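What follows is a short report on a single structure.
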Amino acid sequence: MKKDARPFIVAANWKMHKSPREAGEFLKSFVAQTNKRSLGGDCEVVFFVPAIDLMVAAESLRDSQVKWGAQNCYFEMKGAFTGETSPAVLSEIGAHYTLVGHSERRAIFHESDAETGKKVKALQGVGIVPMLCVGETLAEREAGRTNEVILRQLRAGLEHRDTNKNVVIAYEPVWAIGTGKVATPQQANDAHVALRQGLKDLGGDGFSRVTPILYGGSVKPENAAELGAQSEIDGFLVGGASLEIATFLPLIPG
Ligand code: PEP
């Protein structure tokens with residue numbers, strides 16, 4: 001599953017699901033089960049938990065090989081920003097990754113391309129790896145604008161990036177998120193090929209070779225193997241199927 005110089009990453013996006021008690025029970029049980037089997041070579045597992053569960057994730061995953069992070073953050077470190085989460089605090093409590101620009105943030109909370117760029121910069125500045133989400137709507141795909149949209153989001157998200165630090169990209173066609181409609185392996189890989197070229201144009205060969213591009217959108221045990229076998233797919237960002245250990249564990253190469 002691992003390609004070139006990139007790890008294979010399987011990431012859970014719990015969205016607004018699970019209380020601290022539920023998160024703690026899930027993560028402890030998950031660690032107990034993954035300790036019984038090895039994660040496949042160069043495979044990383046990440047949980048993006050609700051903000052209120054972050055400390056529980058830090059505690060529950062402390063001595064494990066499993067990483068965790070936030071689903072969103074602000075681009076300032078502190079101040080009068082009611083309701084926001086500071087990248088500096090995420091770093092202090094040990095977050096490894098944080099999502100930026102998930103389609104629900106863009107569509108429901110009106111997060112702009114420009115804000116995603118500032119968040120990527122802020123996260124890298126405190127040593128957290130941003131996972132930048134890009135993806136087209138159904139109307140954009142049907143109008144033949146998929147590559148134009150995802151490359152615009154890629155360029156804006158990476159506009160202020162630190163060229164010495166890592167970033168991860170997640171391609172998530174909006175029409176495939178939470179709908180049960182999965183992109184075909186070919187549709188997904190074509191978008192990943194365009195993004196890989198976009199990374200090359202922005203940061204050269206080396207940058208494009210080491211930057212993982214995950215696929216997200218109704219990934220489940222029945223379609224994971226075929227998607228993961230595609231040449232440019234370096235893992236998954238998983239919503240619905242990450243809420244139960246029984247449907248998340250089979251997505252992780254063993
Ligand atoms: C997501 O939330 O990023 C996602 C891909 O959700 P789902 O797997 O449920 O489509």
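Fair warning: this is a prediction, and the values are worked out from it, not measured in the lab. Ligands are counted one by one from 1 in listed order, and the atoms in each one are counted from 1 as well. Sequential numbering from 1 along the given sequence is applied to the chain's residues.
When hydrogens are left out, the protein atom nearest atom 5 (C) of ligand 1 is Glu172 OE2, 3.0 Å; that is the closest non-hydrogen contact. Scanning all protein heavy atoms for the shortest distance to atom 4 (C) of ligand 1 gives Gly239 N, 3.5 Å. The single protein non-hydrogen atom nearest to atom 9 (O) of ligand 1 is Gly240 N, 2.8 Å, given as residue, atom name and distance. For atom 2 (O) of ligand 1, the nearest protein heavy atom (residue, atom name, distance) is Lys15 CE, 2.6 Å.
Here Ala241 has no heavy atoms under 4.0 Å from ligand 1, in either its backbone or its side chain. Here Asn13 has side-chain heavy atoms under 4.0 Å from ligand 1, and that is the only part of it that gets that close.
Glu44 and Tyr97 share a donor-acceptor pair across their side chains, judged by distance under 3.5 Å alone. When only modelled atom types and interatomic distance are considered, Thr211 and Asn166 share no side-chain donor-acceptor pair under 3.5 Å.
Heavy-atom distances between Cys133 and ligand 1 stay at or above 4.0 Å for every pair. Within the structure, ligand 1 has His102 among the residues with a heavy atom less than 4.0 angstrom away.
Between Glu104 and ligand 1, no N or O atom pair is found at a separation short of 3.5 Å. Looking at ligand 1, you won't find any N or O of Gly217 less than 3.5 Å from one of its N or O atoms.
Each of the atoms 7 (P), 9 (O), 10 (O) of ligand 1 lies under 4.0 Å from some heavy atom of Gly178. Every atom of ligand 1 is numbered from 1 in the order shown, and the set under 4.0 Å from a heavy atom of Ala176 is 10 (O).
Ring centroids of Trp14 and Phe26 are separated by less than 6.0 Å, placing the two rings close together. Residues Phe248 and Phe47 bring their aromatic ring centres within 6.0 Å.
The aromatic rings of Phe236 and Phe8 stand perpendicular to each other, their planes meeting at an angle above 60°, with 30° marking the opposite boundary.
Looking at every heavy atom in both residues, Leu237 comes nearest to Leu214 through N-CB, 4.3 Å.
Checking each of His102, Gln153, Arg106, Arg105 against Thr116 for a side chain to side chain contact (heavy atoms under 4.5 Å, CB included) leaves exactly one that passes, namely Arg106.
Side chain of His96 to backbone of Trp68: no donor-acceptor contact under 3.5 angstrom is found.
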